[in-house]
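Since the structure comes first, as structure tokens, the remarks are kept for the end.
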Amino acid sequence: MSTKDLFATRTSRMKASEIRELLKLLDQPGIISFAGGIPDPALFPADEFAAAFQRALGSDNRSMALQYSVSEGYLPLREWLVDHMRQIGVECGVDNVLITSGSQQALDYLGKLYLSPGDTALVGWPTYLGALAAFNAYEPRFDRLHMSGNRGASEYAAAAGEGAVKFAYLSPDFANPTGETVDLRGREDLLDLADDLNCAVIEDGAYQALRYDGEPIPPVLALELARKGSIQDCRTVYCGSFSKTLSPGLRVGWVVAAKPVISQLVLMKQAADLHSATINQMAVNDVARACFDTHIPKLRRVYGARRDTMLGALQRHMPDGVEWTRPEGGMFIWVTLPKGVNGADLLERALETVKVAFVPGQAFFPDATGSNTIRLSFSNSDEDTIREGICRLGDVLRA
């Protein structure tokens, strides 16, 4: 008997992340990488974290910092998040907040919470690869979430067949991978659809703070709260993360939702890892209180300039027939190549000839379409590197 014969059927749907594999290229000399959506480490508030960890390990705090803790998360950090969520329009209490080991863990828990085999998850086409990976383990069907158009609840329900539509997943602000933002009307329409389908909404707010121009739009959860008056009556689950703003390495994210949802997620966390690292939560709490409001404008200035540089370089160097998005924030630009140009083949050639890396777009589509698309990240390259890399990529495309 092969060892694989013992594996659960869900493992057949698990695939290596193309992005995680591509990150290994960063160690190769001379590679210009627009692949991973990685914050620039030069922008981490490293001194603030050094001081925060020193305080956490001081004589007054070390027993707490190095000890087991409650599954819900470090209370002072949850209190800070209550205030932070209020600032973006979401009134909640600490009992509505769960700390997770990055928002990726939250997506895994939510897949486990909502999906039975054969149920339907509505997602963008394309959508975040990590969400597909997290949900795939629970053996759902995927259907395309249309943010505009005339497709109604009855059509979604009919397409779902015997399995129910359990949730709609989206990143409404500067989505990974497209960089696109859902407008106010689209968010309101989504809430109408969710009510008609009696399904949840999973709102991935990973990039919400990174807006470089345009007017902020309230989170989907804030809009639902305005309709229903209490978070306890809301079906939207908000997932947030400190990875793109303070530090990805500490793996601290959070979920805000109605108490029954949080209670079930707490049970899952107790069964999975008991609680997120206490000392990391204490450090994030200290740094968030010390400098979050002053640190975010710095990120916006630097990343916004890099976005502008990449957009300008694309305009100068891309041949006819290439199109791209113009995001108002986030870390990504989505490029559509002429028909017949395969993103994976282009990556192979670009690495071989000009040492430029990016992510082929096909991996972001549940049905493996979109072979003529690629994702470019501008966050971890300085402006001169961006200009040079896009120039090289344009040369490869013309060839």
Side-chain angles (χ1 to χ4, degrees), residues 26 32-52 80-81 83-89 103 171-183 204-219 240-250 252-253 283-317 324-335 358 375-391 393:
L26 297 179
I32 294 177
S33 178
F34 303 134
I38 302 174
D40 185 342
L43 298 175
F44 294 157
D47 291 341
E48 288 83 354
F49 271 116
W80 184 89
L81 285 166
D83 183 63
H84 172 72
M85 295 302 296
R86 182 181 300 114
Q87 292 180 39
I88 62 174
S103 62
S171 184
D173 296 293
F174 335 119
N176 182 358
T178 64
E180 295 177 332
T181 295
V182 179
D183 64 16
D204 189 338
Y207 304 95
Q208 189 271 337
L210 300 180
R211 172 175 284 279
Y212 313 134
D213 49 40
E215 291 299 318
I217 305 173
S241 174
F242 291 103
S243 291
K244 306 303 186 290
T245 53
L246 296 183
S247 166
L250 297 183
V252 180
V284 167
N285 175 66
D286 268 15
V287 174
R289 290 177 183 273
C291 70
F292 189 88
D293 290 340
T294 56
H295 184 64
I296 296 303
K298 177 181 178 181
L299 297 182
R300 289 171 178 163
R301 286 193 300 272
V302 175
Y303 291 152
R306 293 176 181 179
R307 175 208 58 179
D308 293 344
T309 298
M310 183 170 280
L311 288 172
L314 288 167
Q315 187 66 45
R316 283 190 297 274
H317 298 297
W324 53 89
T325 57
R326 290 167 174 79
E328 295 180 323
M331 294 182 169
F332 307 108
I333 294 174
W334 183 249
V335 178
F358 51 83
R375 191 195 73 177
L376 302 175
S377 175
F378 51 80
S379 57
N380 195 32
S381 299
D382 62 41
E383 293 176 41
D384 288 341
T385 302
I386 290 171
R387 293 186 189 98
E388 176 63 24
I390 297 301
C391 178
L393 187 57

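This is a predicted model, so every value here is computed, not measured.
- Once rounded to the nearest 0.5 Å, the distance linking CD1 of Ile38 with NZ of Lys244 reads 9.5 Å.
- The side-chain hydrogen bond (donor to acceptor under 3.5 Å, both in side chains) contacts involving residues 308-317 comprise Thr309-Glu383, where partners must be two or more places apart or lie in separate chains.
- In this structure a side-chain-to-backbone donor-acceptor pair under 3.5 Å is missing from His295 to Leu246.
- A 4.5 Å side-chain heavy-atom check between Arg375 and Val335 finds every atom pair outside the cut-off.
- Asn176 places none of its side-chain heavy atoms less than 4.5 Å from the side chain of Asp204.
- Contact of the Arg307 side chain with the Asp213 side chain is registered, since non-hydrogen atoms from C-beta on lie closer than 4.5 Å.
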Exercise. Given the rule in the side-chain contact (heavy atoms from CB on, under 4.5 Å) test, do Asp286 and Phe49 qualify, once you have shown the distances and angles that lead to the verdict?
Worked result: CA-CA 8 Å; Asp286 268 15; Phe49 271 116; over 6 Å; no

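- A distance of 6.0 Å or more separates the ring centres of Phe378 and Phe332.
- Side-chain atoms of Ser381 and Arg306, non-hydrogen and from C-beta on, never get closer than 4.5 Å to each other.
- Residues Glu328 and Phe174 are in side-chain contact: their nearest non-hydrogen atoms beyond the backbone lie under 4.5 Å apart.
- With sequence neighbours left out, the ring pair (Phe, Tyr, Trp, His ring centres under 6.0 Å) criterion links His84 to Trp80, Trp254, Phe292.
- Note that CZ of Arg326 is 8.5 Å distant from CG of Leu314, once rounded to the nearest 0.5 Å.
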